[in-house]
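The figures here come from the full heavy-atom set of this structure, side chains too, leaving out hydrogens, waters and symmetry mates. Every number for a ligand or one of its atoms is a count from 1 in the order of the listing.
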Amino acid sequence: MTKNPSVLKWIEEQKNLVQPDEVVWIDGSEEQLEALRAEACRTGEIIKLNQEKLPGCYLHRTAINDVARVEHRTFICTETEEEAGPTNNWMPPADAYKMLYDIARGSYKGRTMYIIPYSMGPVGSPFAKYGIEVTDSIYVVLNMAIMTRIGKSVLDALGDSNDWVRGLHCKCDIDEEKRYICHFPQDNTIISVNSGYGGNVLLGKKCFALRIASYLGRKEGWMAEHMLILGIENPKGEVKYIAAAFPSACGKTNLAMLIPPEVYKKKGYKVWCVGDDIAWMRIGEDGRLWAVNPENGFFGVAPGTNMKSNPNALISTQKDTIFTNVVHNLDDNTVWWEGLDNNPPKNALNWKGEKWDGSDGTKGAHPNSRFTAPAKNCPCISPEFDSGKGVPIDAIVFGGRRAKTAPLVYQSRDWSHGVFVGSIMASETTAAATGAVGVVRRDPMAMLPFCGYHMADYWAHWLEMGEKLGDKAPKIFNVNWFRLDDNGKFIWPGFGENLRVLEWIINRCEGKADAVETPIGYVPKAEDINLEGLDFSIDTLKGILEVDNDLWVQETAEIEEFYKKFGDKVPAALKEQLEMLKSRLK
Ligand code: OXD
Ligand code: MN
């Protein structure tokens, strides 16, 4: 399929290492994929679901010990530990290669090697980066075929270039003790062994599009971020784009596919999803920041997805989707998960493949069960989704789950302050019944598990990007949909109503809305958030826009502690931001 010497040489090396019985190049054709589906059905790797109700859909169950990303077994293997920084696990590259090669050696005996050429970003786009993943799993091939652009066209676009990311995946024995997800950013290489779970083995996603790409972005002057991208179209047909980062369990996929409230729909507002997880951003010829979603599908969490919480996501899963670790309804050969509806099937198998009817109080679907759905299935997918030139970003939004500390929304004072706001991002666990505040987990820019180099160098890169962007830089905001009342209940209704907050954000970007200056940044005047058609009082709104000085004094002490972890490397501009915040709080 290719004459590219660097590709052929590397494939030969991998063959000699893992010793497959057979080698298959994935050309991206539907015939080949269909033959692989049929084969995986024969071996039981996947189960064909009811083709009338769920055309093109399949179910897969992972091993019971292999159901999520394994951060403690994920390594950044740079020459020095310093380059990986205090928030990554590190191994010297030579040691890591030796260990991984020992595990991988001969592991494809009796198996087939599938070679998947794939593109992150539309093939041929200036944003696109190419990779080749070698795997012994048909499940991986079929998932990569949904999540990325694959096949011969990628190799054609790559030509003879040596600029591509090498990815070796070996299922081996799915041995937890020998499970490693290792990144070699200096060699453009990823090696994943002893797992078959998506986040560990779909190497285009977190491994390439975030860990390796963040490293490349710093080197090459662009950004790889853990962000959704959405477009908001106003009644005049103008579309503004927002990129937003949230730690997990903050409703990122819901926001990416938001359904406008009725009053907005009637006026002609529309929301377009460009991406739900990852944004690659570059400075365009016009000096603005442009973004693409490098992925081609959604790898979403199934539980909690329903026609109310996220109809667009649910509709996306109704054809050509692979479900992983959900409930198998044997009556009609469909799937179910907690939070889909209130009717758990009576005749079913749980995610482990055991007889299950929910009567014993156990969950049927794994809490991290997933759907892999083509982005094109999404009813609100942006017309710009496939555009290689990307979309111009007006606002960057950070967020987290804070019971009291953060107001519903605030705007940073400028780019440097915005980078500070991103660097202190945090989510807290709350005991909902009592409203008690739980543990705060800092997750800068939601990149904690995904930054491929030293987090403080990453902040410095953000600051540099801001300098290059100058007055064309997107404005930076922070949102918190999760303020709790004294009974531990969420105050803000969230979901589609979040558009009201996004509207204020867009208005601020266009200089159309006023704001109140507080020590932490600019907060809306309550009357500038549109509450039309919503049963929500302006006084309650005022309450969740309040900034509690004492809580923020406490917060600055915690930030100071957090920054200590990064030692001298914390950029001076961020230390200065912290000092300025402290003095504004006095
Ligand atoms: C994801 C994650 O699966 O961020 O997208 O964990
Ligand atoms: Mn994610």
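- A cation-pi arrangement, defined by a distance under 6.0 Å to the six-membered ring centre and an angle within 45 degrees of its axis, is absent between R282 and W290.
- In terms of the ring-ring contact (aromatic ring centres under 6.0 Å, His included) criterion, residue partners of H226 (sequence neighbours excluded) are, by chain and number, F450.
- Applying the salt bridge (Lys or Arg N to Asp or Glu O under 4.0 Å) test to pairs two or more places apart or on separate chains, those with a residue in residues 132-148 are R111-D136.
- Classified by interplanar angle (parallel below 30°, tilted 30° to 60°, perpendicular above 60°), the ring pair F420/H417 is parallel.
- Cation-pi geometry between R483 and W481 is not met at under 6.0 angstrom from the ring centre and within 45 degrees of the axis.
- R402 has a carboxylate O that lies under 4.0 Å from a charged side-chain N of E555, or vice versa, which qualifies the two as a salt bridge.
- Under the 6.0 Å cut-off for aromatic ring centres, W356 and W351 do not qualify, their centroids lying 6.0 Å or more apart.
- At a heavy-atom cutoff of 4.0 Å, ligand 1 is surrounded by R69, K206, H226, D277, R370, F450.
- Two rings, from F482 and F490, have their centers less than 6.0 Å apart.
- Looking at L448 and R441, their side chains come closer than 4.5 Å, going by heavy atoms from C-beta outward.
- Nearby protein atoms of type N, O or S around the Mn ion (ligand 2) amount to 3 (distance under 2.8 Å).
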